[in-house]
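This report concerns only the one structure given below.
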2 protein chains.
Amino acid sequence: MHLRLRKEIVCGRFPQGSALAEPVLAEHYQTSRAPIREALIALEREGLVTFEKTGRTRVRTIAAKDLREIMEARAALESMAAGLANRNWKDADTEFVTRNIEKQTNAGSLAELSRLDIDLHQYVVARSGNDRLRQLWEPLRWQWEAHLVEIYRRQKDDDFIPEQETITAHRHLLRALAKGTPSEASQSMMNHILFNLRWAK
Amino acid sequence: MHLRLRKEIVCGRFPQGSALAEPVLAEHYQTSRAPIREALIALEREGLVTFEKTGRTRVRTIAAKDLREIMEARAALESMAAGLANRNWKDADTEFVTRNIEKQTNAGSLAELSRLDIDLHQYVVARSGNDRLRQLWEPLRWQWEAHLVEIYRRQKDDDFIPEQETITAHRHLLRALAKGTPSEASQSMMNHILFNLRWAK
DNA sequence: GGCTCTAAAAGTGTCGACACTTAAGCCTAT
DNA sequence: ATAGGCTTAAGTGTCGACACTTTTAGAGCC
């Protein structure tokens with residue numbers, strides 16, 4: 001239930017700021033309020049949902065300030081993850097990332113590029129071998145993904161995503177990872193993510 | 001309820017690995033299972049508690065591997081926080097930290113030193129101005145605190161805490177923060193936290 | 001028309017109940 | 001004594017109910 005609800009929120013099925021009433025959701029998922037309630041509590045801890053003072057639940061809205069916070073937190077976690085991932089970086093990992101970047105160059109849409117981008121970042125976090133890092137990172141991933149979907153929904157041009165720079169940064173990161181220099185990989189990831197902040201807003 | 005239960009877990013009222021049965025807790029807190037259940041779900045997301053495959057709930061145990069993960073994650077978040085904190089670091093902040101370090105030099109017990117240490121780190125995270133950073137950091141704080149309490153409980157000597165080095169590192173951090181150099185503050189925090197990993201285990 | 005007050009609808013927080021699952025205790029047979 | 005199996009106790013997941021609170025909708029008034 002938790003996962004199902006999260007997916008629907010991230011996919012934009014419930015727009016940002018919309019109310020999430022327990023009886024309504026219970027009806028929609030053909031269940032009682034108890035499981036819904038549990039899912040909402042978990043989602044609140046993940047930051048996808050907020051409880052207002054009145055007890056009402058809404059899908060959390062992501063403003064410019066939130067976006068900055070998300071990117072800074074991502075930069076912190078992922079740069080550390082990149083450094084750690086070098087501890088046991090294998091040729092197979094290099095291959096995976098290489099293939100991913102290749103697909104990025106051939107991506108037919110922005111949505112596809114974003115999906116590949118998220119895949120790549122998730123891969124690095126997973127390869128850090130630090131499970132808590134992964135656990136902390138995941139909520140940021142959902143929030144980031146939800147934000148992207150929101151951008152696609154209302155095709156605002158000022159939400160520009162620098163495709164070419166992204167791919168270049170990924171190549172740079174890959175080189176550092178393949179070379180096996182943790183501090184370079186870490187720094188590369190840090191720059192890559194914080195660079196995006198220039199377009200946010 | 002969530003907060004009350006967390007406090008009791010962190011304080012060692014429920015030892016690591018002990019079972020947390022909903023009916024028992026409901027009896028203990030003179031309430032029904034529903035609020036207990038909600039609290040457990042939140043605590044699970046915070047990492048203080050685990051749900052086994054069977055559905056049973058236990059206080060999470062912190063092994064050497066977990067400790068390493070916690071410290072690495074803390075290093076990632078707090079070094080970023082230290083860098084950000086410099087954006088609007090005031091003289092009042094320098095004063096606060098200075099007083100805190102003074103108290104550390106006069107601390108009468110290891111427990112008191114730890115409390116001051118946690119206060120200091122929390123202060124820096126709060127002053128980063130990034131609320132998500134704080135939100136991600138808090139669970140690590142509880143896990144770290146629970147680990148410390150566990151150490152005090154079974155006075156094992158191999159769990160050594162380098163008091164003098166800690167205070168020195170805090171002074172170094174303070175200098176960087178007061179000087180207003182984000183990268184130095186960030187690096188100082190990173191070194192300080194990762195240094196402790198040498199004594200962990 | 002717009003405003004205010006009021007009544008009804010909808011929502012939350014908490015509770016006890018029930019079926020089903022898992023763990024514990026016990027008893028027997030070897 | 002102990003290992004295996006059976007009975008009983010304990011725990012979880014889900015449900016509907018109820019009191020209380022907040023929101024909504026409408027009637028009446030200016």
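Every chain is numbered from 1, with letters handed out A, B, ... down the list of sequences.
- Going from atom CD of E52(B) over to atom P of dA10(D) covers 19 Å, rounded to whole Å.
- Using a 4.0 Å cut-off between charged nitrogen and carboxylate oxygen, R171(A) and E165(A) do not count as a salt-bridge pair.
- The residue among T57(B) and R33(A) whose nearest nucleotide of DNA chain D is located toward the 5' end is T57(B).
- Computed from coordinates, the I36(A) CD1 to dG16(D) P distance equals 13 Å when rounded to whole Å.
- Between dT12(D) and R37(B), no contact under 4.0 Å exists linking OP1 or OP2 to a side-chain N or O.
- Each of dG11(C), dC15(C), dG11(D) was ranked by its minimum atom distance to the side chain of S32(B); first place goes to dC15(C).
- Here dT12(D) presents its P atom at 12 Å from CD1 of I41(B), a figure rounded to the nearest Å.
- Between the CG atom of L25(A) and the P atom of dA10(C) there is a distance of 15 Å, rounded to whole Å.
- Using the six-membered ring where Trp is involved, F96(B) and Y123(B) have ring planes that are parallel, under 30° apart on the 30 and 60° scheme.
- For E145(B) and R141(B), the salt-bridge test passes: some basic side-chain N is under 4.0 Å from an acidic carboxylate O.
- Residue E22(A) contributes atom CD, which lies 19 Å from atom P of dC18(D) at whole-angstrom precision.
- The distance between atom CZ of F51(B) and atom P of dT22(C), rounded to the nearest whole Å, is 16 Å.
- Regarding H28(A), its NE2 atom lies at a distance of 18 Å from the C1' atom of dG11(C), rounded to whole Å.
- Contact annotation: T31(B) side-chain N/O to dT14(C) OP1/OP2 distance is not under 4.0 Å.
- Considering only side-chain atoms of R56(A), the nucleotide from dT12(D), dC15(D), dT12(C) that sits closest is dT12(C).
- Using modelled atom types and a 3.5 Å distance limit, the side chains of N106(B) and E102(B) yield no donor-acceptor pair.
- Atom CZ of R58(B) and atom C1' of dT12(D) are 15 Å apart (whole Å).
- Comment: E52(B) does not engage R56(B) in a salt bridge, judged by the lack of any side-chain N to carboxylate O separation of less than 4.0 angstrom.
- Within the nucleic acid shown, T54(B) comes within 4.0 Å of sugar-phosphate atoms alone, with no base atom in reach, counting heavy atoms only.
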